[in-house]
Amino acid sequence: MPQTPIAIVWFRQDLRLADNPALYAAAGSGATILPVFIHDDEEAGDWGPGSASRWWLRKSVTALNESLQGALRIYRGKASEILPKLARDVGADAVYWNRCVEPWRVLRDRAIKEQLQQAGIRIHTSNGSYLYDPAEVAKPDGTPYRVFTPFYRRGCKDLSPRQPLPAPKNLRLDNSSHPDGHDEKPPLPAFPWFDEAEHGWQPGEQGARDVLAQFLDTGLERYAEARDRPDIDGVSRLSPHLHFGEVSPHQVREAVLERKGKQQHDAVDKFLSELAWREFSAHLLYHWPELTHDNLQKKFDRFPWQQDENLQQAWQQGATGYPMVDAGMRQLWRTGYMHNRVRMIAASFLVKNLLQDWRVGARWFWNSLLDADLANNSASWQWVAGCGADAAPYFRIYNPVSQGRKFDPNGDYVRRYVPELATLPDKYIHCPWEAPAHVLESAGVKLGEDYPKPIVELAASRTRALDAFSSLAKKAG
DNA sequence: TTTTGAGTTGTTCGA
DNA sequence: GTCGAACAACTCAAA
């Protein structure tokens with residue numbers, strides 16, 4: 001038997017040492033720490049990490065292992081088998097982890113907890129990943145919120161997030177050899193074609209710290225106006241770091257609040273409310289696990305989705321003939337990332353103008369986004385489709401041309417990702433089909449050859465979407 | 001229980 | 001070019 005008790009710390013979406021409540025508690029117990037990560041694709045079912053996420057995850061786990069001086073045991077397989085066996089084999093006294101909201105994890109973790117407890121092992125779980133514990137926020141009558149504003153203004157008001165915890169000092173790590181673990185074989189690289197140098201991401205806790213520092217220095221002050229502009233880098237770019245828990249929302253919140261001077265007041269509030277949307281998505285997924293696949297509003301079960309694989313493929317490939325949509329979809333394919341404003345435009349186009357089921361889009365994003373997050377992705381797609389928690393006005397249908405003119409006024413963003421249109425004048429950069437023949441010719445663009453003609457007509461497809469929505473309103477449908 | 005006010009992100013039309 | 005109004009009906013939150 002070991003001289004000191006052994007505590008397993010099970011890392012999941014909290015790949016950091018600082019402000020990690022599970023790690024902090026385990027270290028504080030005086031036990032020898034045995035850190036573990038498990039690639040559990042089997043129990044994840046349909047929602048294991050997508051292709052792009054795998055690239056990130058692999059790097060981030062490696063970075064975490066380095067911070068832990070190589071002590072991280074990395075396994076591949078069913079956590080419900082690996083963890084109890086490991087706990088038995090090493091004679092663990094306790095197992096620590098931070099809770100997640102993905103339905104498959106909630107179910108799995110509950111079963112593992114019971115199993116371990118029956119074996120006499122102490123389980124210690126924490127809320128490591130959200131400012132407001134999704135299970136704790138509730139209306140006065142005890143039921144969960146379905147609308148953002150009251151959730152944020154009321155539900156979260158009296159719950160004050162914790163101060164970030166320091167990284168534990170003098171971690172007593174288990175250094176014994178462990179031939180059974182340490183499956184270092186990385187998952188297949190997901191996006192073999194994408195150029196790592198191009199996007200400049202650095203997965204891991206240090207990378208997250210750098211991105212946050214950069215945002216505080218140069219991004220925050222203009223965040224309120226710039227966040228909607230894909231042509232200038234006005235967003236925080238924290239999303240993948242937050243998703244994998246390389247930085248906690250508590251750390252981000254605290255850092256941002258420190259900057260809440262007079263000038264940055266609005267920007268800070270705006271940014272914190274964006275962080276709160278992440279909280280709201282987690283709240284929704286926690287309370288409505290069917291969010292990933294069922295319309296939250298049941299009447300949408302009879303929405304007349306079309307199923308057209310040609311249209312879906314054109315959308316996926318960035319070949320719809322609408323530059324703003326195509327630029328976004330190509331940015332996604334090339335870099336594993338898409339600017340938030342463009343996500344809404346591209347998503348709205350698929351769901352409203354093409355009448356394709358939101359689940360088709362959600363699946364594509366899940367697979368292609370480095371920051372794919374089940375709560376954010378599911379909640380946001382339902383929001384765009386109008387079947388989500390809050391009743392979006394039925395008439396909110398984005399026009400990719402007006403959105404382009406408004407948020408990419410010089411066409412810089414389009415030109416970056418749709419280079420075949422690069423020499424087109426600003427006036428036509430968002431609507432090449434309206435350009436006179438001689439303009440197209442001098443820009444060297446043959447519509448239908450170099451760049452597609454629009455696959456649907458905007459006004460007609462908008463009317464069609466409005467009709468589809470009003471068909472839902474009819475009683476007894 | 002009933003009632004009232006409100007609901008992230010938009011577009012179009014006509015004055 | 002700018003600006004305000006219209007665009008369904010519904011659900012949720014809270015009084």
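Please read these numbers as outputs of a predicted model, since none were measured by experiment. Order of the sequence lines sets the chain letters (A, B, ...), proteins ahead of strands, with each chain counted from 1.
When heavy atoms are screened at a 4.0 angstrom cut-off, A:Glu274 is found touching base atoms of the nucleic acid. Residue contacts for A:Arg154: at a heavy-atom cut-off of 4.0 Å it reaches the sugar-phosphate backbone alone, with no base atom in range.
When the nucleotides B:dG10, B:dT8, C:dA13 are ranked by their closest atom to the side chain of A:Pro150, C:dA13 comes out on top. With C:dA8, B:dT11, B:dT8 as the choices, the nucleotide that has an atom nearest any side-chain atom of A:Tyr394 turns out to be C:dA8. The listed nucleotides are B:dG10, C:dC10, C:dA13; the one nearest the side chain of A:Lys299 is C:dC10. You'll find that the side chain of A:Asn399 is closest to B:dT11, out of B:dG7, B:dT11, B:dG10. You'll find that the side chain of A:Gln403 is closest to B:dG10, out of C:dA14, B:dG7, B:dG10.
Checked against a 6.0 Å centroid threshold, the rings of A:Phe300 and A:Phe469 count as neighbours. A centroid separation of 6.0 Å or more is found between the aromatic rings of A:Tyr132 and A:Phe151. For A:Phe280 and A:Tyr145, the distance between ring centers is not under 6.0 angstrom.
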Carefully, step by step, assess A:Gln382 and A:Trp288 under the rule side-chain hydrogen bond (donor to acceptor under 3.5 Å, both in side chains). CA-CA 12 Å; A:Gln382 293 226 26; A:Trp288 286 275; over 6 Å; no
Treat a base pair as Watson-Crick or G-U wobble with both distances under 3.5 Å, then lay out DNA chain C in dot-bracket form, 5' to 3', with | for cross-strand pairs. .||||||..||||||
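Within residues 321-330 of chain A, no residue has any heavy atom closer than 4.0 Å to DNA chain B.
Taking the centre and axis of the six-membered ring of A:Trp364, the NZ or CZ atom of A:Arg359 falls outside the cone set by 45° and 6.0 Å.
Rounding to the nearest 0.5 angstrom, the gap separating the CD atom in A:Glu43 from the CG atom in A:Asp109 is 9.0 Å.
When the P atom is compared between B:dG14 and C:dA8, the two are found 15 Å apart, to the nearest whole Å. Using C1' as the reference atom, B:dG5 and C:dA9 are 15 Å apart when rounded to the nearest Å. Here the separation of C:dT11 from B:dG10, taken at their P atoms, is 24 Å to the nearest Å.
Between A:Phe151 atom CZ and C:dA13 atom P there is a gap of 12 Å when expressed in whole angstrom units. For A:Arg302 and C:dC10, the CZ to P distance is 11 Å, given to the nearest whole Å.
Among A:Trp358, A:Tyr398, A:Tyr322, the one residue that satisfies the ring pair (Phe, Tyr, Trp, His ring centres under 6.0 Å) test with A:Phe349 is A:Tyr322.
No hydrogens or angles considered: nothing links the side chains of A:His250 and A:Gln163 as a donor-acceptor pair under 3.5 Å.
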